[in-house]
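For clarity, every value in this text was computed on a predicted model and none was experimentally measured. Atoms within a ligand are numbered from 1 in the order they appear, just like the ligands themselves. Just the heavy atoms: all of them, side chains too, but no hydrogens, waters or symmetry mates, feed the values below.
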Amino acid sequence: MDNIRCAVVTGANKGIGFEICRQLALEGIEIILTARNESRGVEAVNKLNASGISNVIFHQLDITDSKSVQNLVKFIESRFKKLDILVNNAAESGIVYVDINKFKEGGALMQVTDDNVDNLTGLIEEPYDLGERCLNINYYGTKRVTDALIPLLQLSKSPRVVNISSAYGDLHWFHNEELKHELHDIENLTEERIDEVIQCFLRDFKVAKLRENRWPLTCSAYKVSKAALNAYTRLMARKYQNILINAVHPGYVVTDMTSQTGILTVEEGAQGSIMAALLPDDGPSGAYFDKTKLAPFASAERPI
Ligand SMILES: NC(=O)c1ccc[n+]([C@@H]2O[C@H](COP(=O)([O-])OP(=O)(O)OC[C@H]3O[C@@H](n4cnc5c(N)ncnc54)[C@H](OP(=O)(O)O)[C@@H]3O)[C@@H](O)[C@H]2O)c1
């Protein structure tokens, strides 16, 4: 069993997560493809099996549900006794496309910037409940899964955690310089402080004080969720020095999340994560990759 490497990928029934499963399986790694919806997950595994990939199994996982997370932990304990790779991929955007055709005509991603916020009215919307859900999945859900699987990762000889982040998590998008500094200053930042920042954001979001309090104005909850995930990645890397824990921006990829407006295929979008999952033992930890290249957490220039 020691020679068999195994990986968990969250939210892997479609999109980039599905492709990460496929590419890691081709490396000979045993894959636990997880999805919150059982039939969508089983269908995804069947698709891989039908293409000749047999080293992929399904396990249900809703990352917002502690019981579901605990069931996965028990399953891995009994079946593999350890975990080598965790890819935290599951996420939601927190937005709804109101007029996707107009959004595409306007240049899609290029126009989702704060100086363009007024032009986006009627194209995309960010209801509070979706924003709150986005933070619960992208940040709190990812943290829940990671914290629960750390003991099994500690039993691996070469543990890796890949947090799929986003260029939207770049601190460049924040307008509050003090907060930017705080989220970047990893020596003094704590998980409790990240939590306070998120709760403060949600309070401001609820009462429409995003502009007043200098939060990102477009894809706001998503940007806060990924910036928080980046900070958590760095804190975890410092805490668990035997595990290589990194964040990866996959690029702008053709998936349901981008309503198929991306410019990269899922094969291209999975490359950075595959590289981070297969890093050699002397590879970086607590780092951020823009696709396959090391990049800063707070860019001076617009990161997209
Ligand atoms: N596509 C891009 O251009 C892009 C750019 C930057 C970053 N990313 C990041 O890349 C990752 C993958 O995105 P994608 O584009 O492949 O998106 P996608 O096609 O929408 O897939 C998202 C996956 O996450 C799952 N998910 C959502 N909430 C979940 C939960 N509570 N528990 C378990 N699974 C859950 C979804 O399940 P259901 O099918 O059940 O909804 C789906 O399988 C995300 O972290 C995203 O933020 C994507």
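Between Tyr252 and ligand 1, not a single N/O pair is under 3.5 Å apart. Residue contacts with ligand 1: Gly11 is placed with a nitrogen or oxygen under 3.5 Å of a nitrogen or oxygen of the ligand (distance criterion only). Residue contacts with ligand 1: Ile16 is placed with a nitrogen or oxygen under 3.5 Å of a nitrogen or oxygen of the ligand (distance criterion only). Of the polar atoms of Lys226, at least one N or O is found under 3.5 Å from an N or O of ligand 1, judged by distance alone. Polar contact check, Arg40 against ligand 1: a nitrogen or oxygen pair lies under 3.5 Å apart.
The distance from ligand 1 to the heavy atoms of Ser166 drops below 4.0 Å at these ligand atoms: 6 (C), 7 (C). Near Thr64, meaning under 4.0 Å from one of its heavy atoms, ligand 1 places the atoms 31 (N). Close approach of ligand 1 to Leu61 is summarised as follows: ligand atoms under 4.0 Å from at least one heavy atom of the residue are 32 (N), 33 (C).
The closest approach between Tyr222 and ligand 1 falls below 4.0 Å for a heavy atom of the residue. For the ligand labelled ligand 1, residue Gly251 lies inside the 4.0 Å heavy-atom shell. Within the 4.0 Å heavy-atom shell around ligand 1 one finds Asp256.
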Pairs under 3.5 angstrom only: tabulate donor-acceptor contacts from the side chains of residues 200-212 to other protein residues two or more places apart or in another chain.
from, atom 1, to, atom 2, distance (Å)
Asp204, OD1, Asn213, ND2, 3.1
Asp204, OD2, Asn213, ND2, 3.0
Asp204, OD2, Trp215, NE1, 2.8

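Contacts of Val253 with ligand 1, taken as heavy-atom pairs under 4.0 Å, involve both backbone and side chain. Contacts of Ala35 with ligand 1, taken as heavy-atom pairs under 4.0 Å, are absent altogether. Contact annotation for Asp62 and ligand 1: heavy atoms of both the backbone and the side chain come within less than 4.0 Å of the ligand.
The residues Lys74 and Glu77 are annotated as not salt-bridged, no charged nitrogen and carboxylate oxygen being separated by less than 4.0 angstrom. Electrostatic pairing of Arg36 and Glu92 counts as a salt bridge here, judged by a charged N lying under 4.0 Å from a carboxylate O. Between Glu191 and Lys143 there is a salt bridge, since a side-chain N of the basic residue sits under 4.0 Å from a carboxylate O of the acidic one.
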What do the steps show when you test Ile186 against Leu235 for side chain to side chain contact (heavy atoms under 4.5 Å, CB included), and what is the final call?
-> CA-CA 7 Å; Ile186 222 63; Leu235 287 181; 4.2 Å; yes
Run the salt bridge (Lys or Arg N to Asp or Glu O under 4.0 Å) check on Arg160 and Asp281 step by step: do they pass?
-> CA-CA 9 Å; Arg160 308 283 181 264; Asp281 288 341; 2.7 Å; yes
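Placement of Val248 and Leu24 within a single hydrophobic cluster is found when ILVMFWY residues are connected by side-chain heavy-atom separations under 4.5 Å, directly or transitively.
When each of Asn88, Ile245, Val162 is checked for a side chain to side chain contact (heavy atoms under 4.5 Å, CB included) with Thr233, only Ile245 meets the rule.
No side-chain heavy atom of His59 sits less than 4.5 Å from a side-chain heavy atom of Arg79.
The ring-ring contact (aromatic ring centres under 6.0 Å, His included) contacts involving residues 8-28 comprise nothing, where partners must be two or more places apart or lie in separate chains.
Comparing Ile63, Asn89, Ile164 against atom 44 (C) of ligand 1, the shortest heavy-atom distance belongs to Asn89.
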